[in-house]
Enquirer: 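Take a look at this one; I'll ask things after.
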Amino acid sequence: MGDHGCSGNLPPGFIFSPSDEELILHFLDRKASLLPCHPDIIPDLGFYPQDPWQLEGRALWSENQWYYFSRVMENQATGNGFWKPLDIEEPIFSSSTGKKVGLKKYLVYCIGPEGVETNWMMQEYHLCSSKSSGKSYKRKQKLDCSKWILCRVYQREGSCSKSSNHSDDDDGTELSCLDEMFLSMDDLDDISFPN
């Protein structure tokens, strides 16, 4: 199977499988607070959004998911498409205090200027701005909740536009969204445009 991404930073036999709360409190909060994180295994990929296929070898890979820190960006355009925000936000609560500590937002990767949706998904983890209210004044000055996000990228199962009607000769093979997009481009030859 081989080594994928930065998974080599994990000792043999260990799988990186944190809960949403652990991603917020143990990793993102420490990054935003400029505190060291042990183990320091999630890389910082800076200011630029990434095409999902560029993450291999750059982001932490575990269980078919990639993890990395990024700066908050208004423009989510990449070299080949863009990350489109979905209207889905989930609050993340501390299991010990019950207080809201973060927010998880969902995005889908769209390819090309037309924005054809793919099966690549991203979950962005954000700290709550009120999270630091119980901390000392010095720590509040260092904490900048609005600058950092933690990203989890993965491929959702199945095809994004798979029809619910299956023909009898269906062999069970699913096409990716990109395959379907390229196949649909063949249909353009059959379309006649008015002069």
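Starting from 1, each residue takes its place in the sequence as its number.
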Enquirer: Taking all atoms of both residues into account, what is the closest heavy-atom pair of C128 and K100, and its distance?
Expert: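 In this case the closest contact between C128 and K100 is SG-CG, 3.5 Å.
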Enquirer: In Å, rounded to the nearest 0.5 Å, how long is the span from CD1 of I111 to OG1 of T78?
Expert: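 If we round to the nearest 0.5 Å, I111:CD1 and T78:OG1 are 8.0 Å apart.
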Enquirer: Kindly determine whether D29 and L127 satisfy side-chain contact (heavy atoms from CB on, under 4.5 Å), including the steps that lead there.
Expert: CA-CA 7 Å; D29 181 54; L127 289 170; 4.1 Å; yes
Enquirer: Should V101 and F69 be regarded as members of a common hydrophobic cluster, given that ILVMFWY residues are connected when their side-chain heavy atoms come within less than 4.5 Å of each other, either directly or indirectly?
Expert: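 Yes, because V101 and F69 connect within a single hydrophobic cluster, where side-chain heavy atoms sit under 4.5 Å apart.
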Enquirer: Test K84 against Q76 for side-chain contact (heavy atoms from CB on, under 4.5 Å), laying out the working first.
Expert: CA-CA 7 Å; K84 180 175 84 173; Q76 294 280 16; over 6 Å; no
Enquirer: Hey, what do you get for NE2 (H26) to CG (L150), rounding to the nearest 0.5 Å?
Expert: 11.5 Å
Enquirer: How close do Y67 and P18 get, counting heavy atoms only, and between which atoms?
Expert: OH-CD, 4.1 Å
Enquirer: Side-chain contact test, heavy atoms from C-beta onward, threshold under 4.5 Å: evaluate it for V153 versus Y109 and give yes or no.
Expert: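 Heavy-atom side-chain distance check fails, nothing below 4.5 Å.
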Enquirer: Within 45° of the six-membered ring axis of W66 and under 6.0 Å from that ring's centre, is NZ or CZ of R152 located there?
Expert: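 Checked: cation-pi criterion not met.
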Enquirer: Hydrophobic cluster membership, with links at side-chain heavy-atom distances under 4.5 Å among I/L/V/M/F/W/Y: are Y68 and W53 in one?
Expert: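 As far as the 4.5 Å side-chain criterion goes, W53 and Y68 are connected within one cluster.
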Enquirer: Roughly how far apart are L55 CG and C151 SG, rounded to 0.5 Å?
Expert: 9.0 Å
Enquirer: Among side-chain atoms of Y125 and D20, is any donor-acceptor pair under 3.5 angstrom?
Expert: yes
Enquirer: Mind listing the closest non-hydrogen atom pair of K105 and L103 along with its distance?
Expert: CE-CD2, 3.6 Å
Enquirer: What's the verdict on side-chain hydrogen bond (donor to acceptor under 3.5 Å, both in side chains) for Q65 and Q123, showing C-alpha distance, side-chain angles and the deciding distance?
Expert: CA-CA 11 Å; Q65 299 177 38; Q123 295 172 347; over 6 Å; no
Enquirer: With the side chain counted from C-beta on, respond yes when S70 and L45 share a heavy-atom pair under 4.5 Å apart, and no when they do not.
Expert: no
Enquirer: Among all residues two or more places apart in sequence or in another chain, which pass the salt bridge (Lys or Arg N to Asp or Glu O under 4.0 Å) test with K31?
Expert: D44
Enquirer: Closest heavy-atom contact between G79 and D51?
Expert: N-OD2, 3.7 Å
Enquirer: Start with the C-alpha gap between Y106 and E90, add the side-chain angles, then the distance that decides, and say whether side-chain contact (heavy atoms from CB on, under 4.5 Å) holds.
Expert: CA-CA 9 Å; Y106 289 82; E90 294 178 12; 3.0 Å; yes
Enquirer: Between L25 and I41, is there a shared hydrophobic cluster once you connect ILVMFWY residues whose side-chain heavy atoms come closer than 4.5 Å?
Expert: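 L25 and I41: one cluster.
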Enquirer: Transitively linked via ILVMFWY side-chain contacts under 4.5 Å: Y154 with L86?
Expert: yes
Enquirer: How far does CG of L28 sit from CD1 of I92, to the nearest 0.5 angstrom?
Expert: 9.0 Å
Enquirer: Would a distance-only check, ignoring hydrogens and angles, find a side-chain to backbone donor-acceptor pair under 3.5 Å from S33 to L35?
Expert: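 Between the backbone of L35 and the side chain of S33 there is no qualifying donor-acceptor contact (under 3.5 Å).
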Enquirer: Hey, is the main chain of G46 close enough, under 3.5 Å, to the side chain of R71 for a donor-acceptor pair?
Expert: no
Enquirer: Nearest 0.5 Å please: distance from the CG atom of L60 over to the CZ atom of F16.
Expert: 5.5 Å
Enquirer: Heavy atoms, side chains only, cut-off 4.5 Å: are V72 and E124 in contact?
Expert: no
Enquirer: Set out, in order, the CA-CA distance, both residues' side-chain angles and the distance that settles side-chain contact (heavy atoms from CB on, under 4.5 Å) for F27 and I24, then state yes or no.
Expert: CA-CA 6 Å; F27 293 98; I24 291 286; over 6 Å; no
Enquirer: Atom CG of N119 and atom CD of Q155: how far apart are they, to the nearest 0.5 Å?
Expert: 4.5 Å
Enquirer: Salt bridge (Lys or Arg N to Asp or Glu O under 4.0 Å) with E21: which residues, sequence neighbours excluded?
Expert: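 Per chain and number, E21 pairs via salt bridge (Lys or Arg N to Asp or Glu O under 4.0 Å) with no residue.
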Enquirer: If you compare all heavy atoms of W83 against all heavy atoms of P49, which two are closest, and at what distance to 0.1 Å?
Expert: CD1-CB, 4.4 Å
